[in-house]
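Quick notes on the structure that follows.
Note that ligands are numbered from 1 as they come in the structure, with each ligand's atoms numbered from 1 the same way. Each residue takes its place number in the sequence, starting with 1.
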Amino acid sequence: MIVMKFGGTSVESAEAIERVATIVSSRLKHAPIVVVSAMAKVTDQLIAMGNLAAKGQCDESLELFRSLRKRHFDTAEFLLGAKRSATLAPRLQAFLSELESFLRGLAAVRELTPRGSDYLLSFGELLSSLIVADAFMVRGLHAAWVDSRECLVTDSRHTHALPQMDQTRERSKKKIPPLIKKKRIPVMGGFIAATADGVPTTLGRGGSDYSAAIIGAALDADRIEIWTDVEGMMTTDPRLCPEAKTIKRISFNEAAELAYFGAKVLHPATLLPAIHKNIPVYVLNSRNLKSTGTEITAQAPPSRDIFRAITAKMGISIVNVVASRGVMVHGFLRSVFEAMDRHSTSVDIVAISEVSLSFTMETKRLPKALLTELEQIADVACEDRQAIICLVGEDIHGKPGIAASVFNTIAEAGVNIRMISQGASEINISFVVQESDVPKAVRHLHAHFFPRKPASTVATKKNGTGSRGRANGAARVTSKLQAATTSATTNENVELRASRP
Ligand code: ASP
Ligand code: MG
């Protein structure tokens, strides 16, 4: 049994849904369960409709509603033909009528609560999954629409609910395997779920990947395929460096590190339910049926390249905090960290000495009030338009000379390094450069560490660190769990922009 998840752009139009049907046909012998997102942009439109209605702008809201309705009916008709779409129409219409009444109600009470918002957003995935299921049927695929709200059970943290795995397993097992036994293809909406007593919830924006991982874990799937519109995860951003190539295999920890240091295809924290059960996750391109994409697993075998990827995170500020004369050196760091804590700041890279501390943060997240407070105890200087370049790879662990070759390469590119960090976990080397130096630096690094034909000196020998034991790997994954989950949930609108080739 496998889970195949198709994101918004993979179901954005009739043509895209046809491609999905073709991809699913190629996997029939693996007993696929299909999870789909709302059609591209639909979730954003539902939010816009809700906000308009809640402001009392009912007409404007309903105008958006009508264009959404038209898009779904047009897509259905194109895919199914007039006759078959007439049989689907009442089911689509039932959801659409519910949505319309909700918007009218919202305009009357003028309040959109998190609970209401989950109900509102659920229509995107409900509609898309209904259409996809029928499109499969017309193409000879024996689909069965499944209401995700009857399988995925969550707590009641509306807008970012957390799965209750035991109940989810129980309910999913009752619904899904019997369909598979009858050779049907379950088709369900991602992102949406319900509390144990049936109140609709959502798993957070971009949550369809999470749904796929939850269902895969609940049913012990053999693999999970995340079909998107890019060629898997890339060795670097192809807009910065056209030589970027697809990463074949990557460990969960490495993928999490990459996501943290730059926008990526998906948020790895959402894959944890699968990773914990050692179910491999593949990121594949729905526009390229031959795509082999990227495999994400708890541990990845050592590769020929030293690093898995290079990322660049732009829009960074460096803040230098130097203890003012007369301030007791003892207690200085504590005061700085306490101030950071009061302003809920989470920093990227920190360099510390007895009387000074430098840290980096995304400029747009840097609280001005923190700077004002630090100025009471220190001289504070802030520099914008910096970037963090980060090289990630578990294989660097315990190997001498790697940092030297990174910095030599940067020196050859004529780029000045402002700050450096390598944690004891030795999974990444990161450093700060000026934003304008990023393309040059990344291209040089990529040419050096991902040569077209890897030189034999770059080849990774299997050594003690290369073949890590399972138990060790599992512990690392667990420790990453907290960090990754926190960043996924505190950062409510986790940006899932992909690097487009
Ligand atoms: N439709 C939801 C969103 O746009 C969930 C998803 O696409 O994964 O956030
Ligand atoms: Mg999406």
Side-chain angles (χ1 to χ4, degrees), residues 3-13 16-17 20 33-51 64-65 68 71-72 75 95 99 112 114 116-132 146-149 151-152 154 157-163 187-194 200-216 224-230 259 263-274 281-286 296 485 487-498 500:
V3 177
M4 304 176 76
K5 178 262 171 174
F6 295 89
T9 50
S10 304
V11 295
E12 69 186 348
S13 62
I17 294 174
V20 168
I33 299 165
V34 174
V35 174
V36 295
S37 287
M39 295 174 79
K41 307 246 161 59
V42 164
T43 307
D44 290 337
Q45 284 159 0
L46 288 166
I47 293 173
M49 272 174 234
N51 288 339
L64 274 181
F65 164 79
L68 180 108
R71 178 169 172 203
H72 285 89
T75 308
F95 283 141
L99 170 58
L112 182 54
S117 163
D118 277 353
Y119 175 73
L120 170 70
L121 297 196
S122 69
F123 290 105
E125 270 72 9
L126 290 172
L127 293 168
S128 66
S129 56
L130 272 184
I131 295 176
V132 169
V146 173
D147 189 338
S148 314
R149 297 167 302 181
C151 296
L152 271 84
T154 67
R157 271 181 252 196
H158 286 285
T159 73
H160 53 275
L162 291 176
V187 175
M188 53 204 293
F191 174 57
I192 57 178
T201 55
T202 64
L203 301 169
R205 290 305 305 273
S208 297
D209 296 333
Y210 204 4
S211 302
I214 294 166
I215 287 293
I224 293 168
E225 299 181 348
I226 306 283
W227 289 85
T228 171
D229 58 353
V230 290
K264 280 297 144 208
V265 183
L266 44 78
H267 203 294
T270 61
L271 305 181
L272 273 168
V281 178
Y282 295 80
V283 182
L284 298 154
N285 183 357
S286 66
I296 307 173
T485 323
S487 72
T489 47
T490 49
N491 190 354
E492 266 184 42
N493 289 317
V494 174
E495 203 189 340
L496 293 180
R497 198 161 41 78
R500 267 153 233 282

What atoms of ligand 1 come closer than 4.0 angstrom to any heavy atom of [X]?
{"X": "Ser37", "result": "6 (C), 7 (O), 8 (O)"}
{"X": "Arg205", "result": "3 (C), 4 (O), 9 (O)"}
{"X": "Phe191", "result": "2 (C), 5 (C)"}

(message) Heavy-atom contact check, 4.0 Å cutoff: does Gly207 meet ligand 1?
(response) yes
(message) Can you tell me if Gly206 contacts ligand 1 (heavy atom of the residue under 4.0 Å from the ligand)?
(response)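 It does, in that a heavy atom of Gly206 comes within the 4.0 Å cut-off of ligand 1.
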Taking [X] for its side chain and [Y] for its backbone only, find out whether a donor-acceptor pair lies under 3.5 Å.
{"X": "Ser128", "Y": "Ser37", "result": "yes"}
{"X": "Ser148", "Y": "Gly189", "result": "yes"}
{"X": "Glu12", "Y": "Met39", "result": "no"}

(request) Would you check if there is a donor-acceptor pair between the side chains of Asp118 and Thr202 at a distance under 3.5 Å? (result) yes
(message) Looking only at distances, can you tell me whether any N or O atom of Glu125, backbone or side chain, sits closer than 3.5 Å to an N or O atom of ligand 1?
(response)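 There is such a contact, yes.
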(request) Would you give the length of the straight line joining atom CE of Met188 to atom SG of Cys151, rounded to the nearest 0.5 angstrom? (result) 4.5 Å
